[in-house]
Amino acid sequence: MASTMPQPSRPTATSPAAPVPPLPVPKSRKSLPVPSDTSRAPSPSQSPSKLRSPSSPRPTLSKSPLSNSTTNISAPRSASSGRPPSSPDKSLRRTISIAAFPQPPKTGSRPGTASSNMPGVSSSGSIKARKGSRLSSGTTSSYRSSKTPSLLNGNGDGKSILSADARDPDASPSQSRSSSAQESYSTSATTYEEADDTATGAAKTGAKSKEAKGNVIVSVRVRPDASGNDASRSEWQLEGRKGLISHRGKEAGDYYYDNVFTAHEHNAKVYDAAAKRLVRRVMEGYHGTVFAYGMTGTGKTFSMQGTATSPGVIPLAITDIFSFIRETPHREFLLRVSYLEIYNEKIHDLLSAPAAGAQQEDIKLREDSKRGVYATPLKEEIVQSPTQLLRVIARGDHARRTSSTQFNARSSRSHAVVQIVVESRERAPAGTPQDKRSGIIPGGVRVSTLSLIDLAGSERAADDKERRTEGAHINKSLLTLGTIISRLSENKDKNGNPTDKEGRHLPYRDSKLTRLLQPALSGNSLVSILCTVALIASGSSAAANSHSGETLNTLKFAARAKNSIVSHAKKAEEALGSGGGDSGSRVLLERYRMEIQALRSQLDSHTKAQAEKEMKLEDEQFEKEAQTRHEEQMLEIQLARTALKERIEHLNRLILCSKSTGVNTQGNFSALGRFSRMSINDSGSRSLRSSVSQSTLGAWGYSIRPTSFMSINSNDFSSNLAFSNGSIGNEDDDDTMGEFADGKASLQRHVVTLQADLGDKNRYIATLERRLLQARRSSHSRMSAGIKTGNTGTENPDTDTAAIIREKDMEINELRSQLDDKDRMLAALRSATRHRDVARVAIDPVQTPNSDTNSGSRSPEMSNSPRLSLVESEKEKKRKSVDEVSKMLDDMIQDRVESGHIIKGSRGSVRVAADSRRTSTQMTGVPSLNATLDSVDSAKNGATE
Ligand SMILES: Nc1ncnc2c1ncn2[C@@H]1O[C@H](COP(=O)(O)OP(=O)(O)OP(=O)(O)O)[C@@H](O)[C@H]1O
């Protein structure tokens, strides 16, 4: 089958005659005649599809064995990039700092990408000139134009690249690269997929075959000869443009590859030609594997990792990955990276160093229909930036085992595998509701893997035992790799397992390396193999001979790989959901999205719950405040009630006093004593009132106080005095004396009426209070209901309550004024009583003789003498009483002066302050203080008289 495969680029040159140990070489694959190949290859016109024809056949050795453009690998060092070839010292590799790694391109170009004017690659220059483009990867163009169209070689992209460059002639080289790659994204793959759709029959089969071949890129890189030995000049010839390495030694032969990089070509150029496109394809959803194969010290690590000044495939791939993400806003990505090494056939996780003294958990290889072969358990780190990814890889590099070998002072003693898993999914276009909510649109997550592998170098048996053991393992795994590659076919057994042409199983399980590479080698992945060689002339020494043999082995391995590996890489299927099987559960992007959604809804419900809780708290707080307010108001009302009751009681007492006390039937004066009691009572009530809330009573105490014993609507203080001092006479005389001619019965009736009235008022106040309470409660419940239903109406419950309170206050005030009226009436009654008493006292001396006459036994002298002394003592008592009253009135006036209710004049006169008068009138309708003051003055005068 291999012999029937189109080999457009395979020359008819003789293959190495001698069998090349240790890898079996199927000669048939290497001896396909170019002309026939070429003739089989479809031309652009022949192809019914948009497939590009294979490029012009590579020239055979007979045509131009030593063309002008041939590069001799031992070309003088000056011909290189200006940097002397490095000595075989890997310390440089270790000095690469993260900061020195390339960042995503901004402006300018990568080092070395503009090396088209170097000797040996002059052809690229010519291509450049011909195309008139600013493409930095001239050789890549050459490579593209000479290959079968495939996902990797970019045939079909040429136009796009050119047009892209033509559109933007001033674009910087790096930008050109990006745009070209971007263009390739939209043209190459599409072109080929369309070809798949339209191609029919043999053309279709042929196209597929070519694609399968094209999906594998094999490149050979020659490292500069560290010794500067020129002896190989005649033995090896390179033609970079043609991808040709010719050997003129014992095993003479020409070897063609997709790319041949000469000693002075830079890492950037190697990356552009050998890996860039593959990396882009991985970002689009294909699996891709790049591995460096070669003898120890030939530059595998140099090519994969590079140096600070010349970054290799890995850092450049990382840069491109992030460039791609930036350039693809319609998709979202998640990157995770793992890094393992296979050392002495054991897998070690380079990202999870075991704790000191502890042993790392055994890492096993498992297989799964969706994931293929994978190592587990393996640490995967999610990375969000190139720097972070480079840092992770640098950490792994640091943990990798290296030691000195004959050809390399710092030789990698293990196969190192960096795996970058790319998850991506379509994003909802910006501005859509989905974008606002979750960014998720229908469709699954595509998972692809980029494997970047730096193999350990094959080597001859070393002296050191440890090196020998390492070497044995390395060589065994590489031998298995070689064997598998040489036996690869598209045959499968009935179980679907790949077999070789003879139906034998391929020994993937013979080594961890081949097992791990199985998915890539068996065609599920795009593959780029970079074989590194150091061309040293054979014959000069045994070592050189052996070296030359190794170089030939590598070249043959590369040739076999190119012929055998068939890749039908397909875009990874989009995994839907996070729970569907193993692959689904690995899709972190989906899982994270779901988690984000779940967390978002959790957050929403938390926010809602919190808002509700806050509202409830506010409600509670409000109710509490309202309750407190209500309690305060209740207390105030209660106090006011108490004060009113006291007042009523006091009035009652006064009334009862006027009824029950006074001058007894024996004519004893008890008024003064009563007055004293009144004073005491009054002061008692005053002290009670002072405990009442100011807001409730305020100056009311004052208004009540004078009323209690001085609120007499009369300017004649003598009558007051009479009241104060007078004996409140004989009840029997009430009917005939005083202002109220109807006497005591009438007064009592009045008093009873007043009491009943007071009781009514009291009840009325209680009712009002109850109503007020109810009104408050209903207003509260209305307010709460308003808050709960989010009612933001214009009605303000506070205003309502305030209005009700105001209303009730007014009612209370009215009641107070009514009470005051009653007070006044009581005062008038008392005044009448006093008038009567005074009248009685005045009448008494006149009436006494009559009474004496009635008694009939006393002589006038005897009877007049005690009467006179009685009158005298009464006068004395009066004086005392007046003095006491004056003193009390003075105190009261002083109180009022202090409180600002009255103003004292310079000559001792007093007048009511305007405010006080107003308040007094407004509040209580208390009798004019002036009258009181006048009364006081009169009382004073009366007393002195
Ligand atoms: N193309 C190159 N240009 C300049 N220096 C190079 C090149 N290739 C390799 N070297 C130098 O050669 C030395 C060995 O290279 P490197 O370690 O990459 O070899 P290797 O193939 O990885 O060896 P091993 O298999 O033993 O690890 C390093 O010092 C490196 O800098």
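In listed order, ligands and their atoms are each counted from 1.
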>> Is any side-chain heavy atom of V373 closer than 4.5 Å to one of L517?
In response: no

>> Looking at ligand 1, would P224 count as a contact under a 4.0 Å heavy-atom criterion?
In response: yes

>> Tell me if a side-chain donor or acceptor on E265 pairs with a main-chain N or O of T262 at a distance below 3.5 Å.
In response: yes

> Can any side-chain N or O of R515 pair as donor or acceptor with the backbone N or O of Y374 at less than 3.5 Å?
Replying inline: no

>> Would V222 count as being in polar contact with ligand 1, using the rule that some N or O on each side must be under 3.5 angstrom apart?
In response: no

> Does the pair E381/K379 count as a salt bridge with the N-to-O cut at 4.0 Å?
Replying inline: yes

> Any N/O of F302 closer than 3.5 Å to an N/O of ligand 1?
Replying inline: yes

> Can you tell me if S310 and N267 form a side-chain donor-acceptor pair at under 3.5 Å?
Replying inline: yes

> Any N or O of K300 that comes nearer than 3.5 Å to an N or O of ligand 1?
Replying inline: yes

> Could an N or O of ligand 1 be found under 3.5 Å from any N or O of T298, whether backbone or side chain?
Replying inline: yes

> If only atom types and distance count, is the side chain of T514 paired as donor or acceptor with the main-chain N or O of L481 below 3.5 Å?
Replying inline: no

> Is the closest heavy-atom distance from M304 to ligand 1 below 4.0 Å?
Replying inline: no

> Counting from 1, what ligand 1 atoms have a heavy atom of G457 closer than 4.0 Å?
Replying inline: 25 (O)

> Hey, does S412 come in under 3.5 Å of ligand 1, counting only N/O atoms on both sides?
Replying inline: yes

> Does T551 use its side chain to pair, donor to acceptor, with the backbone of A534 at less than 3.5 Å?
Replying inline: yes

> Applying a 4.0 Å heavy-atom criterion (strictly less than), which segment of M295 is in contact with ligand 1: side chain, backbone, both, or neither?
Replying inline: backbone

